[in-house]
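Single-structure report; data block below.
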Protein chains: 2
Amino acid sequence: MTEKQQAEGTVGKALSVLDTIASIGHPVRLVELLPHTKYPKPTLYRLLQTLTAQSMLAYDPDRQTYSLGVRLVRLAHAAWNQSSLAPIARPHIDALSKKLCTTVHLAQLDNGQALYLDKRNAASPIEMFSQAGKVGPGYCTGVGKVMLAFLETEQQNDALKKQAFHAYTPNTHTSKESLQKELNEIAKSGVAFDNEEHEPGIICIAAPILSAKNRVIGGLSVTSSTRRHSLADLKDLQPDLLSTAKGIGQAAESWYFPDQNNSLKT
Amino acid sequence: MTEKQQAEGTVGKALSVLDTIASIGHPVRLVELLPHTKYPKPTLYRLLQTLTAQSMLAYDPDRQTYSLGVRLVRLAHAAWNQSSLAPIARPHIDALSKKLCTTVHLAQLDNGQALYLDKRNAASPIEMFSQAGKVGPGYCTGVGKVMLAFLETEQQNDALKKQAFHAYTPNTHTSKESLQKELNEIAKSGVAFDNEEHEPGIICIAAPILSAKNRVIGGLSVTSSTRRHSLADLKDLQPDLLSTAKGIGQAAESWYFPDQNNSLKT
DNA sequence: CCATTTTGTTTCAGATAGTGAGACGTAGTT
DNA sequence: AACTACGTCTCACTATCTGAAACAAAATGG
């Protein structure tokens, strides 16, 4: 009986409120937030109180608005730093970007989508949170497709169910079938191309980052624009890309915490 | 009766577990985490389950370890982006760093400490999460002191109680009194200097970022080393620093969400 | 100025979800 | 095989969360 789903709990509810506020994208008042959630007013009120008390939300008394709080930034800092991928990949990405003079992305699979962990841009440097933490579609980005392609069949199917198949451009895959077909090819060839499938004029080549046991732990891509390169040009970068991806995979594997002493030694 | 404190709730407990894992700084197993918390084993176990299910933690089945999850990174991305300070300050910081060819920091007050939101480094570019989200002491950094100095008396007192007064260097303030005295001077002069109080050889000049109502909303600093500059040199940068800080303050004020459409248009 | 509406906050009995001592399963050791 | 160490499960207990309804406080408007 009782359908299915559910199984949240107070913590789940609180976190979903955070997500909702994040998706709205600006500070919100209680009533504005209310229709976006499925909770009655007093419940939502209490959740907001709790989260505010925990610094997960910031409350502006003047405007009576809630926005995402600083504790998140602090925690994410730690998360990024102690992730077994991002900090390790950093020097490799630096080197690759410098050598090829192109934009390099590092991503990780998150619920069928590509979550960008790092970005190196040869020309205009510096991207902070504005890039890291961003999510892109799995079915029409280079890193997305390559990570999907190297997934175990079962996980791949799960992930495929979560794709939106929105046609951003004429080249975007719009069905599971056509995507699946390309994924098989990608798995064989070892690299994925984004042929303006997400944004017109933007192309890229992407490789998987694999663990020793061949599990996908991330994706690495070199991005360019059609006015600067062709897909064939990108293909030439494949050796560099693959060796960097391999290097990162090995580093991530062999490392596994050399007890880096960041933490809060404040 | 019953002493005082408490007042957590399930959410608070769950979040404190996140903090604990963050402070440990590497993936942990259940038993390793256990002594760091005040929860009995089955309770902690369930909290970990919940957080893992929510992607706030990542679980490595091979090693049976938990580490901070990707959802944090996603949320922090949103938090950074929709904060009324960091994204707005970005171009100003870029310009300042470029003009002066120095390292520039943007920080915000977080529980008496300086939480770094952004950093621009003239020489070696790029600092991602490795910098943003980092916290530094309030009593012995330029941004920290300047933000404390411009606080309302009451909030200042609260914040002062939270200072550790650890003597990082011979120049570090080690008492509330000596710090308080300097804070008064800072409030008058409008800028704070860090005279190697946190790290030997590192000096900086910092200015507050103020809202229209003169509330401190952040701190901005220009950092250098004693081998490159003297405090007097930094003093010469004061006009540039102040005008940038003012510019950021005004931008943050006038803006207040022009309904930027980031969100997750994935 | 008071009436009206909207939004934020509090109450409280009832329902749920969290709690943790203890038992149990499962590796890994000796 | 006995032992140890750790992860997982059970279950009666109860702390916590729930949300309709009432209330308070602003904002609105006539």
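Reminder, nothing fancy here: chain letters follow the sequence lines and each chain counts from 1. Owing to the predicted nature of the structure, the values given are computational and were not obtained by experimental measurement.
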Whole angstrom is fine here: how far is it from [atom1] in [X] over to [atom2] in [N]?
| X | N | atom1 | atom2 | value |
| --- | --- | --- | --- | --- |
| Leu48(B) | dT8(D) | CG | C1' | 13 Å |
| Leu47(B) | dA17(C) | CG | P | 16 Å |
| Asp62(B) | dG7(D) | CG | C1' | 16 Å |
| Leu30(A) | dA26(D) | CG | P | 16 Å |
| Glu8(B) | dT19(C) | CD | P | 10 Å |
| Tyr45(B) | dG18(C) | OH | P | 15 Å |

Any protein N or O atoms within reach of nucleotides 19-25 of chain D? Criterion: under 3.5 Å, listing atom names and distances.
unit_1	atom_1	unit_2	atom_2	d
dG19(D)	OP2	Thr43(A)	OG1	3.0
dG19(D)	N7	Arg46(A)	NH2	2.8

Is the number of heavy atoms from other residues, nucleotides or ligands within 6.0 Å of CD (Gln49(B)) greater than 12? yes
Is it true that Glu8(B) and Gln54(A) share a donor-acceptor pair across their side chains at a distance under 3.5 Å? no
Going by atom types alone, do Gln113(B) and Gln163(B) pair a side-chain donor with an acceptor below 3.5 Å? no
How sharply is the helix from dC1(C)-dG30(D) to dT30(C)-dA1(D) bent, taking the axes over five pairs at either end and rounding to 10 degrees? 30°
Could I get the full list of side chain to side chain donor-acceptor pair (under 3.5 Å) partners for Ser16(B), not counting sequence neighbours? Tyr39(B)
Rounded to the nearest 0.5 Å, the NE2 atom of His105(B) sits from the OG1 atom of Thr141(B) at a distance of 10.0 Å
Hey, does Thr37(B) have a side-chain heavy atom less than 4.5 Å from the side chain of Lys13(B)? no
By nearest nucleotide on DNA chain C, pick out whichever of Thr10(A) and Gln64(A) is the more 5' one. Gln64(A)
Below 4.0 angstrom from OP1 or OP2 of dT7(C), is there any side-chain N or O of Arg29(A)? no
